[in-house]
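Since the structure comes first, as structure tokens, the remarks are kept for the end.
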Amino acid sequence: ILIRDITDRKLAETKLFASERRLREQNCLIMDTAKSDCLNKGDLEKAYEEITATVAHGLHIQRAGIWLYNDDQTELVCAKLYERDEKHFSSGIVLSASDYPVYFEALRSDRTIAANNAHTHYATREFSESYLTPFGISSMLDVSINIGGRVIGVLCSENTGPERQWAPEAIAFANSMADFLSLAVETRERQKAKPALSESEDKFRILSETTDSMIMVFRDQFLYTNPAFQRISGYSHEELEKRGLIDLIRPD
């Protein structure tokens, strides 16, 4: 009789199966989030709620939050915090750079802070007494939210209970959700900029149509000419579209 201990093999198979199941679940959540209307419509309030809830369920953690910098990046303000067990949203907590200088510096240099033990990790241990212990937080996974190379905040995943070892798929999932946040904020900023852009275009149109100065936009051909340009040159805009700049200059 040959007896072989397969405990390690079975444990490894079980761990692999659980990892594959979590990865499939997270990929489905990513696909669902990518289809969400709130990202394309710039509805930040809805996007914040949807993404924090998705992160909490996808990573099987108790708390997920979105923290945004103030204008001079001296504070992080909680824009949305989701607590999974209570299914409760809240906001308004403020963290100051003067109180947590190491953490603020780490956010500027690292895209991801994976603190398996948040009480001892160099970037998060400053929170031990004031934040981690009161809420029973053992591990943190923080990913910066970036727009055009500028860090505007952080997506924070907080695990309560036993210490959490953040697997690569968990880190990749959190990064994907932070990218969705960047998309939502960018969409909202573009929408806010539209009225100002429209006002600027109106001012340019009024100026160009009333001035006596010739104004034109030329890129390979005449894209725009104002009335003064057409009057002085003697050509209509349709005629100018068929000509180049050199055609308007006398040979001598």
Side-chain angles (χ1 to χ4, degrees), residues 27 29-52 54 66-77 79-80 107-112 143-155 172-252:
N27 284 340
L29 290 172
I30 289 173
M31 292 299 294
D32 289 342
T33 304
K35 299 173 185 176
S36 175
D37 288 338
C38 63
L39 297 182
N40 298 319
K41 292 181 178 179
D43 186 348
L44 287 186
E45 187 68 18
K46 184 67 175 177
Y48 290 166
E49 291 186 356
E50 188 170 309
I51 288 176
T52 51
T54 299
I66 298 169
W67 301 74
L68 301 177
Y69 280 115
N70 62 350
D71 291 339
D72 58 4
Q73 294 197 334
T74 57
E75 292 180 340
L76 278 170
V77 181
K80 192 66 63 179
L107 287 179
R108 295 187 183 96
S109 58
D110 301 327
R111 171 81 202 274
T112 304
V143 181
S144 62
I145 305 167
N146 302 289
I147 294 182
R150 173 173 56 96
V151 179
I152 66 165
V154 59
L155 173 62
F173 176 73
N175 275 268
S176 295
M177 301 312 293
D179 289 339
F180 283 131
L181 278 172
S182 299
L183 173 62
V185 175
E186 280 184 314
T187 300
R188 179 58 179 166
E189 288 187 351
R190 285 197 300 269
Q191 290 177 344
K192 289 172 63 177
K194 282 182 179 179
L197 179 60
S198 178
E199 181 181 354
S200 177
E201 290 174 344
D202 288 342
K203 289 180 179 178
F204 171 76
R205 179 179 55 80
I206 293 172
L207 170 66
S208 66
E209 291 180 359
T210 57
T211 182
D212 290 331
S213 300
M214 299 171 69
I215 298 177
M216 59 89 176
V217 178
F218 185 91
R219 189 181 299 116
D220 296 329
Q221 68 178 87
F222 287 99
L223 302 180
Y224 170 82
T225 55
N226 71 332
F229 193 103
Q230 297 166 30
R231 185 178 66 256
I232 296 171
S233 68
Y235 295 104
S236 67
H237 181 70
E238 289 72 21
E239 292 174 316
L240 287 166
E241 286 181 323
K242 302 174 183 178
R243 298 176 179 272
L245 277 174
I246 196 67
D247 297 329
L248 304 184
I249 302 174
R250 287 181 61 85
D252 58 352

Any side-chain heavy atom of [X] within less than 4.5 Å of one from [Y]?
X: Trp67; Y: Ile145; result: no
X: Leu68; Y: Val77; result: no
X: Thr54; Y: Phe173; result: yes
X: Lys80; Y: Glu45; result: yes

- Task: Mind running side-chain contact (heavy atoms from CB on, under 4.5 Å) on Leu107 and Leu76 for me, showing each step along the way?
- Result: CA-CA 11 Å; Leu107 287 179; Leu76 278 170; 3.7 Å; yes

- Apply side-chain contact (heavy atoms from CB on, under 4.5 Å) to the pair Phe229 and Leu240, showing each step before the final yes or no. CA-CA 10 Å; Phe229 193 103; Leu240 287 166; 3.7 Å; yes

Could you tell me the separation between the [atom1] atom of [X] and the [atom2] atom of [Y], rounded to the nearest 0.5 Å?
X: Ile232; Y: Gln230; atom1: CD1; atom2: CD; value: 11.0 Å
X: Thr33; Y: Asp179; atom1: OG1; atom2: CG; value: 12.0 Å
X: Ser182; Y: Arg150; atom1: OG; atom2: CZ; value: 10.0 Å

- Message: The criterion is salt bridge (charged side-chain N to carboxylate O under 4.0 Å, His left out); which residues satisfy it with Arg243, sequence neighbours excluded?
- Response: none

- Report the C-alpha distance between Tyr48 and Leu181 in whole Å, list the side-chain angles of each, state the deciding distance to 0.1 Å, and finish with yes or no for side-chain contact (heavy atoms from CB on, under 4.5 Å). CA-CA 8 Å; Tyr48 290 166; Leu181 278 172; 3.8 Å; yes

Would a distance-only check, ignoring hydrogens and angles, find a side-chain to backbone donor-acceptor pair under 3.5 Å from [X] to [Y]?
X: Arg111; Y: Ser144; result: yes
X: Thr225; Y: His237; result: no
X: Ser36; Y: Asp32; result: no

- Item | For Tyr235, ring pair (Phe, Tyr, Trp, His ring centres under 6.0 Å) partners two or more places apart |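 Tyr235 satisfies ring pair (Phe, Tyr, Trp, His ring centres under 6.0 Å) with no residue once adjacent residues are dropped.
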
- How would you list all residue pairs meeting side chain to side chain donor-acceptor pair (under 3.5 Å) that involve residues 205-222, not counting sequence neighbours? Ser208-Tyr224

- Minimum heavy-atom distance between Leu155 and Met177, given as atom pair plus value: CD2-CB, 3.8 Å

